[in-house]
*Asks:* 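A single structure is presented below for examination.
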Amino acid sequence: MKSQAGDAILKAIGKVRGGVTPAHNKLTAEMESVRIAPPAQVVLPMQQHIGAPCVPTVKVGDIVSIGQVIGDSDKYVSAPIHASVSGKVTSLAEVRLANGRMAPAVTIENDGENRLFEGIAPPKVTNRDELLQAVRASGLVGLGGAGFPTHVKLNIPADKNVDTLVVNAAECEPYITVDYRECMENAENILGGVYLLADMLNLKQVVICVEDNKPKAIQVLKEIADHDLDKGNKVRLMTLKSKYPQGAEKMMVLSATGRVVPAGKLPADAGCIVMNVGSVAFVNRYIQTGKPLTSRTVTVSGDCIAQPQNIRVPVGTSVQQIIDACGGFTKDPVKIIAGGPMMGTALIDTEVPLLKSNNAVLAFSASSSVCKPARDCIRCGRCHAACPMGLIPTQIEKFVQLKDAEMLEKCGINVCMECGSCAFSCPSAKPLVQHMRLAKEIVREAGTKK
Amino acid sequence: MSDTNKILTVSASPHVKSNDTTQRIMLDVVLALVPAGIAGCVIFGMRALLVIALCIGFSVLFEFLSRKIMKRSNTLGDLSAVVTGLLLAYNIPVLDLAKFDGKLWKATVMTVLLCAVGSFFAIVVTKQFFGGLGQNFANPAIVGRIVLLVSFPSAMTAFTAPRQAVDAITTATPLGILSDGSLFDRAGDISAQISSLSADGYLPDLLSMLVGVKGGCIGEVSGILLILGGCYLLMRRVISPAIHVAFVGTVAVFMLIASRGSLPFVAYEILGGGLLLGAIFMATDYTTSPITLKGKIIFGIGCGIVCSVIRLFCSMAEGVSYAILLMNIACPLIEMATKPRPFGVEKEKKAKKEEKTA
């Protein structure tokens, strides 16, 4: 079977408007990801995903082992949480999360035994329903940053005609190299995951999307797309121009298929499922081993970090422990960010725990992060030119000041995904994303009043 | 545990920013304008430099004073007042001494008056009274120029002859000569008439037109250097080509039709007067032009139409300023009419049709 070996790499079908080109700064791209010594304690918040929070299923004093369920929910849009170290549950008190909200959490003191939960065994997956069940049990949420429970994403309603899986390996955020390392170190699992999902969900095509600034990853993914398993040539590789936010879900669907996801709808409404490459690989690993999501790779970088690198850490490790594992700070950080510099959350302190969906910890000094005072808008239109959704952020900002919910809705504020392209390009340094969030809040409030 | 008790900054994303700043943009505009200004000084003598210095000085002074009196923050650092002053100076001629009894002091007093009044209306009335940078309804320099044009019509058209044009018979601007009407009334080919006017020394030849050896305002004469400045702004991505290409293109089409296909006439119309200065540097002003691409094109075409109509059918030889002013005022309307459709939002008409069928 050499017939498909020469398949051409696809070019983007739909053109994404706008976008910006922040410096890539992928300092950690060629560094093998390393495991760190397990922390003495992990804190596992019960809200690590979009949807209903989990309820602890353990009590203080319980002895738990790695992979044991410690929090679950009977709600559909949710994902169970597993112990990431073995040891004793010491507290069920609330902790503050990166976004500033409080959430109940299970604190586990590591006994250092690294004991795996006895119940762990590869699940039997022969059809779609078993796959969905297994994915739910694995605790998988979108590893690309949003943290949407994967089993919900994969459960396509019968009335939606989904035919395409888009595997997102674009990694358009600066600094982060987690997906890239996944491609370099975990190709077999990506391969397995791609064909497993295509098969189980009965999809017509799989498009693996990667930005053209990662030649080595392109090579690896090309081999996956051309693999002998690909009967009928379903799996194709597509390279995208390196620009931010190429990896956003709706943009990716547009690039990969030329389809437009309607405003307020999901990719499924355009016949697509978009999955992060790390999530795809994890599904395969789980089906093979039965080991749930208890650790993940994070990029630790920024100009204040002594040894920028990718490390594999148990979920629930504190940001401080992660930074210490990378040699600590070289200079005083002004900003510490969970996630990428374009969409990540600035942290209040370093005691917050790492969540399943956090793909990076970045520490910046004053010179490399923005803290400039805003000036008057000069109506240069750079925000509109940069907006992938075609909005006019400066106009939205004015309606925010007027608190005009009706006009804000007309401006299309609800399609804003807060990618930050507008604020990135604003010469007056206006905090436009903050205004976009305020705008959504105003529209929401007006909606509840009605 | 290391020393992380230091206070961290918490702010909304994004946490990185492009290098663009208002100041840098304004500096780019200033840099793009410098060559044309140097040309003006070479062509009209050092009195041109005086006009430039006066206009920038007055603009900066008025910006500073008006902000101070209105108890607003000092905004001199954004350089926008410098840009306005520079543009205003480029729209003022070096006064012909012959019109002032040959007395330098009379002409100088008039020059100071022109610069002061123009800067005042540009900075204080048009810009600061409406809320400062980004809030003005019309381009400050354009308003300044129009106020001067209607208040001091004779001074504003007292063009001095270029120093290089030794055999110049008249100091009238090429546009003035072309628009005196007889060109179209007389029988015969327009191109032929233009070449005979040029051969007789009434009109500068095309090369002089391009380089700038002709009567006119300080900054508008050197077409080639204005285009060079425009290219610099395009390269720095300060402006997009939409507005000025649409503006100049529309004027070219109109003039081509009006002259029944005379290319020399089109060239004189484009290079003469303030078209290039206005189109590249004033119509593209962010605050007073539409944000969307579609709006920009409509804006540019509108400028071109108004400018052509004034030049062809009105008693005035020049119409660039009025064209830009009118379209500045129409800008909010254009923006309303060209609202972009957000991603994934269906066209309203289409959606309504679907509703009907459903």
Side-chain angles (χ1 to χ4, degrees), chain A residues 17 20 22-23 174 250 260-265 320 323-324 328-329 332-337 341-350 364 368-372 375-382 384 388-392 394 411-412 415 418 420 423-429 431 433-434 437, chain B residues 1-26 28 72-73 75 77-78 80 131-136 237-240 242 284-293 295-296 331 335-336 338-346 348 351:
Chain A
R17 99 177 277 285
V20 290
K250 288 182 176 183
V260 173
V261 179
K265 298 284 174 65
Q320 185 62 55
I323 289 166
D324 288 343
F329 297 120
D332 284 336
V334 166
K335 250 187 203 178
I336 298 177
I337 300 158
M342 294 299 287
M343 282 189 83
T345 312
L347 301 180
I348 306 163
D349 61 42
T350 52
F364 291 124
S368 52
S369 62
V370 233
C371 315
K372 277 186 216 144
R375 308 187 84 128
D376 293 333
C377 171
I378 54 170
R379 276 176 46 89
C380 65
R382 280 170 174 72
H384 170 63
M389 294 300 187
L391 306 177
I392 307 182
T394 172
C411 288
V415 306
E418 300 170 17
F424 175 84
S425 50
C426 180
S428 298
V433 173
Q434 204 164 333
R437 288 182 187 151
Chain B
M1 194 143 299
S2 56
D3 52 330
T4 48
N5 297 326
K6 302 246 163 47
I7 292 168
L8 295 172
T9 306
V10 177
S11 64
S13 58
H15 308 287
V16 287
K17 223 192 88 45
S18 68
N19 294 325
D20 283 346
T21 60
T22 306
Q23 192 179 24
R24 178 68 225 194
I25 290 168
M26 296 296 169
D28 276 335
R72 292 183 184 150
S73 60
T75 51
D78 63 28
S80 64
L133 184 64
Q135 304 294 327
N136 41 296
R237 288 169 189 259
V238 171
I239 56 172
S240 80
T284 52
D285 170 30
Y286 291 146
T287 307
T288 52
S289 65
I291 282 177
T292 61
L293 178 66
K296 282 184 167 127
C331 176
E335 291 221 305
M336 246 190 274
T338 56
K339 237 181 251 154
R341 204 153 37 87
F343 185 85
V345 174
E346 274 188 71
E348 263 177 50

*Asks:* With a 4.5 angstrom heavy-atom cut-off, which part of Leu133(B) approaches chain A: side chain, backbone, both or neither?
*Replies:*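 Contact with chain A is through both the backbone and side chain of Leu133(B).
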
*Asks:* So, taking the atom named CZ in Arg379(A) and the one named CG in Asn136(B), what distance separates them when rounded to the nearest 0.5 Å?
*Replies:*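 Rounded to the nearest 0.5 Å, the CZ-CG separation comes out at 9.5 Å.
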
*Asks:* Which answer fits Pro431(A), side chain, backbone, both or neither, if we ask what part of it has an atom under 4.5 Å from a heavy atom of chain B?
*Replies:*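 The answer is neither part of Pro431(A).
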
*Asks:* Just by modelled atom types, is the Gly344(A) backbone N or O under 3.5 Å from a matching donor or acceptor in the His15(B) side chain?
*Replies:*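 Here the side-chain-to-backbone pair exists.
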
*Asks:* Working to the nearest 0.5 angstrom, can you tell me the gap between Asp78(B) CG and Asp376(A) CG?
*Replies:*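 Interatomic distance, Asp78(B) CG to Asp376(A) CG, rounded to 0.5 Å: 8.0 Å.
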
*Asks:* Heavy atoms only: give me the nearest Tyr286(B)-Arg382(A) pair and the separation to one decimal.
*Replies:*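 Here Tyr286(B) and Arg382(A) meet closest at OH-NH1, 3.0 Å.
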
*Asks:* Could you report the tightest heavy-atom contact between Gly390(A) and Pro340(B), atom names first, then the distance?
*Replies:*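 Smallest heavy-atom distance, with atoms named: O-CG, 3.5 Å.
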
*Asks:* How many angstroms lie between atom CG of Asp332(A) and atom CD1 of Ile7(B), to the nearest 0.5 angstrom?
*Replies:*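 Reported value, rounded in 0.5 Å steps: 12.0 Å.
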
*Asks:* Contact part of Gln23(B) toward chain A, heavy-atom cut-off under 4.5 Å: side chain, backbone, both or neither?
*Replies:*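 Neither part, no heavy atoms under 4.5 Å.
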
*Asks:* Tell me, for Cys380(A) versus chain B, whether the close heavy atoms (under 4.5 Å) come from the side chain, the backbone, both or neither.
*Replies:*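 For Cys380(A), the contact with chain B is made by backbone and side chain together.
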
*Asks:* So which atom in Lys335(A) and which in Thr9(B) form the shortest heavy-atom distance, rounded to 0.1 Å?
*Replies:*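 In this case the closest contact between Lys335(A) and Thr9(B) is CG-O, 3.3 Å.
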
*Asks:* Do you know the tightest heavy-atom contact between Val260(A) and Gly344(B)?
*Replies:*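 It is CG1-CA, 3.5 Å.
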
*Asks:* Side chain, backbone, both or neither: which part of Arg17(A) has a non-hydrogen atom closer than 4.5 Å to chain B?
*Replies:*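 The answer is neither part of Arg17(A).
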
*Asks:* Compare every heavy atom of Met342(A) with every heavy atom of Ser13(B), then report the nearest pair and how far apart it is.
*Replies:*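 Between these two residues, the closest heavy atoms are CB-O, 3.3 Å.
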
*Asks:* Can you find a pair of side-chain heavy atoms, one from Ser11(B) and one from Gln434(A), that are under 4.5 Å apart?
*Replies:*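 They are not in contact (no side-chain heavy atoms under 4.5 Å apart), so the answer is no.
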
*Asks:* Give me the atom names and distance for the closest heavy-atom approach of Pro342(B) to Leu391(A).
*Replies:*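 What the structure gives for the nearest pair is CB-CD2, 3.6 Å.
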
*Asks:* Can you tell me how far the CG atom of Leu8(B) sits from the CZ atom of Phe364(A), to the nearest 0.5 Å?
*Replies:*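 Going from CG on Leu8(B) over to CZ on Phe364(A), the span is 13.0 Å.
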
*Asks:* What part of Arg237(B) is in contact with chain A, defined as an atom under 4.5 angstrom from a non-hydrogen atom: side chain, backbone, both or neither?
*Replies:*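 Backbone of Arg237(B) only, per the 4.5 Å heavy-atom cut-off to chain A.
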
*Asks:* Is Ser289(B) close to chain A through its backbone or its side chain, or both, or neither, when contacts mean heavy atoms under 4.5 Å?
*Replies:*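 For Ser289(B), backbone heavy atoms alone lie under 4.5 Å from chain A.
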
*Asks:* Side chain to side chain donor-acceptor pair (under 3.5 Å) between Thr22(B) and Ser428(A): does it pass, once the steps are laid out?
*Replies:* CA-CA 6 Å; Thr22(B) 306; Ser428(A) 298; 3.3 Å; yes

*Asks:* To the nearest 0.5 Å, tell me how far Ser80(B) OG sits from Arg375(A) CZ.
*Replies:*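 Those atoms lie 9.0 Å apart.
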
*Asks:* Heavy-atom distance under 4.5 Å to chain B: side chain of Thr345(A), backbone, both or neither?
*Replies:*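 Only the backbone of Thr345(A) comes within 4.5 Å of chain B.
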
*Asks:* What part of Ile378(A) is in contact with chain B, defined as an atom under 4.5 angstrom from a non-hydrogen atom: side chain, backbone, both or neither?
*Replies:*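 When you check distances to chain B, atoms from both the backbone and side chain of Ile378(A) fall under 4.5 Å.
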
*Asks:* What part of Lys250(A) gets closer than 4.5 Å to chain B, counting heavy atoms only: side chain, backbone, both or neither?
*Replies:*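 For Lys250(A), backbone and side chain are both near chain B.
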
